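Worth saying up front: this structure is predicted, and the values here are computed from it rather than measured.
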Amino acid sequence: MASTSETGHAKNIANFQDLIAFVTGYGATYNPSKNALKLPQLNTLVTTSQSKLADVITKNTAYNNAINDRMIAFDGLKALSTRLVNALETTDASKEKVSDAKGFNRKIQGKRATSSAIPADPNAPAPATISASQQSYDQQIQHFSGLVSVLQSETSYAPNENELKIVTLTAKQTDLTTKNNSVSTAYTNISNSRIARNKTLYDEASGLVSIATEVKKYIKSVFGASSPEFAQVKGIEFKKVRT
């Protein structure tokens with residue numbers, strides 16, 4: 001379902017098309033001196049606006065798909081990390097190395113090594129510390145990479161299960177990084193697309209809404225405030241929607 005804001009952008013464009021239809025009907029009587037108000041320029045503007053709006057929809061779909069792909073890629077990472085620690089514990093790895101692996105797994109799981117101290121004053125604000133869960137996608141990749149590095153350093157780590165093998169884990173690392181970067185790229189694309197759409201529709205000087213207001217003023221000046229021609233267009237609404 002389209003968002004309220006996207007519906008608002010589409011409504012502005014649809015209303016601009018209605019305005020153009022009335023302008024076309026006025027024939028040669030509609031003859032503004034300002035180039036941006038002339039009929040060919042109005043037709044170009046509405047076509048450009050439709051293209052910009054369609055691009056936002058396409059880019060937004062790509063962004064949502066990238067988010068979904070990343071969620072799928074990260075699904076099961078916590079369970080996998082725990083399996084890896086368990087597998088390491090069945091090797092000849094030292095206690096220190098197993099402890100390192102558990103530390104990375106703890107961070108992937110979002111758990112603290114020790115409980116946080118409770119402030120003595122119950123009315124005092126919580127300390128402004130960095131979140132111990134460290135659960136952002138970037139951080140999860142970093143912690144998983146650390147865990148894999150520990151496994152790589154242990155010569156006795158040689159599982160028979162394909163999903164636990166180093167070659168599989170390094171491929172997993174790459175996939176997680178790729179999926180995460182794809183979201184960043186898709187976000188940049190949708191953000192830039194929205195900027196371009198908003199400039200086309202809402203620029204103070206050349207945007208569709210501003211031009212529509214000027215067209216209505218011109219029609220009012222040519223035909224008069226009480227004319228049936230102005231009555232046709234004065235009620236056509238154009239609103240600035242920035243999102």
Side-chain angles (χ1 to χ4, degrees), residues 1-73 137-138 175 177-223 227-243:
M1 181 180 294
S3 66
T4 302
S5 59
E6 294 303 329
T7 301
H9 300 308
K11 185 62 176 177
N12 280 330
I13 295 173
N15 286 349
F16 197 73
Q17 289 178 299
D18 291 340
L19 182 61
I20 288 176
F22 285 121
V23 167
T24 302
Y26 301 149
T29 306
Y30 181 85
N31 187 29
S33 58
K34 186 173 181 177
N35 191 58
L37 305 186
K38 295 182 183 295
L39 186 56
Q41 281 65 38
L42 300 182
N43 284 322
T44 297
L45 179 56
V46 75
T47 299
T48 301
S49 299
Q50 290 169 332
S51 176
K52 298 296 185 183
L53 182 59
D55 187 66
V56 168
I57 294 172
T58 299
K59 295 293 195 310
N60 192 60
T61 298
Y63 176 56
N64 289 335
N65 288 340
I67 289 177
N68 293 336
D69 289 343
R70 182 175 67 179
M71 288 179 63
I72 293 171
Y137 287 106
D138 289 332
D175 185 59
T177 301
T178 299
K179 295 296 196 308
N180 194 43
N181 290 342
S182 292
V183 171
S184 297
T185 299
Y187 178 77
T188 298
N189 291 340
I190 181 61
S191 180
N192 288 338
S193 182
R194 284 171 177 157
I195 290 173
R197 176 205 60 198
N198 289 347
K199 183 175 182 180
T200 299
L201 268 64
Y202 307 116
D203 184 83
E204 292 296 332
S206 61
L208 179 145
V209 171
S210 295
I211 295 298
T213 299
E214 290 191 53
V215 169
K216 291 166 72 173
K217 287 181 179 178
Y218 175 74
I219 293 172
K220 183 178 181 180
S221 71
V222 172
F223 296 101
S227 67
E229 289 83 2
F230 183 60
Q232 288 178 321
V233 302
K234 68 179 181 179
I236 302 178
E237 289 189 340
F238 296 92
K239 299 179 180 180
K240 290 189 176 182
V241 186
R242 290 292 185 179
T243 57

Classify the side-chain pair S184/N181 by whether it contains a donor and acceptor separated by less than 3.5 Å. no
Strictly distance-based, threshold 3.5 Å: is any side-chain N or O of T200 a donor or acceptor partner for the main-chain N or O of A196? yes
Rounded to the nearest 0.5 Å, what separation is found between the CZ atom of R194 and the CG atom of N189? 11.5 Å
side-chain hydrogen bond (donor to acceptor under 3.5 Å, both in side chains), that's the test. Do N180 and T177 meet it? Break it down for me. CA-CA 5 Å; N180 194 43; T177 301; over 6 Å; no
Rounded to the nearest 0.5 Å, the CD1 atom of I219 sits from the CD atom of E214 at a distance of 12.0 Å
Tell me, do F230 and V222 make a side-chain contact under 4.5 Å, heavy atoms counted? no
What do you reckon, is NZ of K234 surrounded by more than 12 foreign heavy atoms closer than 6.0 Å? no
Check: N68 side chain, N64 main-chain N or O, donor-acceptor pair, under 3.5 Å: yes
Can a donor-acceptor pair be found, under 3.5 Å and without considering hydrogens, that links the side chain of N15 to the backbone of E237? yes
For Q50 and I13, work out which heavy atoms get closest and say how close. CG-CG2, 3.6 Å
Report yes if the side chains of L208 and F238 come closer than 4.5 Å at any heavy-atom pair, otherwise no. yes
Output for pair (Y137 OH, K179 NZ), nearest 0.5 Å, gives 13.0 Å
Minimum heavy-atom separation for L19 to K216, with atom names? CD1-CG, 4.2 Å
Residue pair V233 / Y26, side-chain heavy-atom distance below 4.5 Å: yes
Can you name the closest pair of heavy atoms from I20 and L42 and give their distance? CD1-O, 3.5 Å
Below 30° counts as parallel, above 60° as perpendicular, anything between as tilted: where do the rings of Y202 and H9 land? tilted
Give the minimum heavy-atom separation between I211 and S206, together with the two atoms involved. CG1-O, 3.8 Å
Rounded to the nearest 0.5 Å, how far apart are CG of D55 and CG of N60? 11.0 Å
Any donor-acceptor pair under 3.5 Å linking the side chain of S210 with the backbone of D203? yes
First locate atom CG of L53, then atom OG of S49, and finally report the distance between them rounded to the nearest 0.5 Å. 8.5 Å
Flag the pair E204 and K199 as a salt bridge only when some basic side-chain nitrogen lies within less than 4.0 angstrom of an acidic carboxylate oxygen. no
Short question: side chain of D18, backbone of I236 - any donor-acceptor pair under 3.5 Å? no
Around atom OH of Y187, are there more than 12 heavy atoms of other residues, nucleotides or ligands at under 6.0 Å? no
Test side chain to side chain contact (heavy atoms under 4.5 Å, CB included) on N35 and Q41 and set out the steps. CA-CA 7 Å; N35 191 58; Q41 281 65 38; 3.8 Å; yes
For V183 and A66 the tightest heavy-atom approach is CG2-O, 3.4 Å
Hey, can you tell me if Y218 and Y30 have their rings parallel, tilted or perpendicular (30° and 60° cut-offs)? perpendicular
To the closest 0.5 Å, what do you measure between NZ (K38) and CG (N31)? 5.5 Å
How close do A73 and D175 get, counting heavy atoms only, and between which atoms? CB-OD2, 3.7 Å
Using only atom types and a distance under 3.5 Å, with no angle test, would you say the side chain of S182 pairs donor to acceptor with the backbone of T178? yes
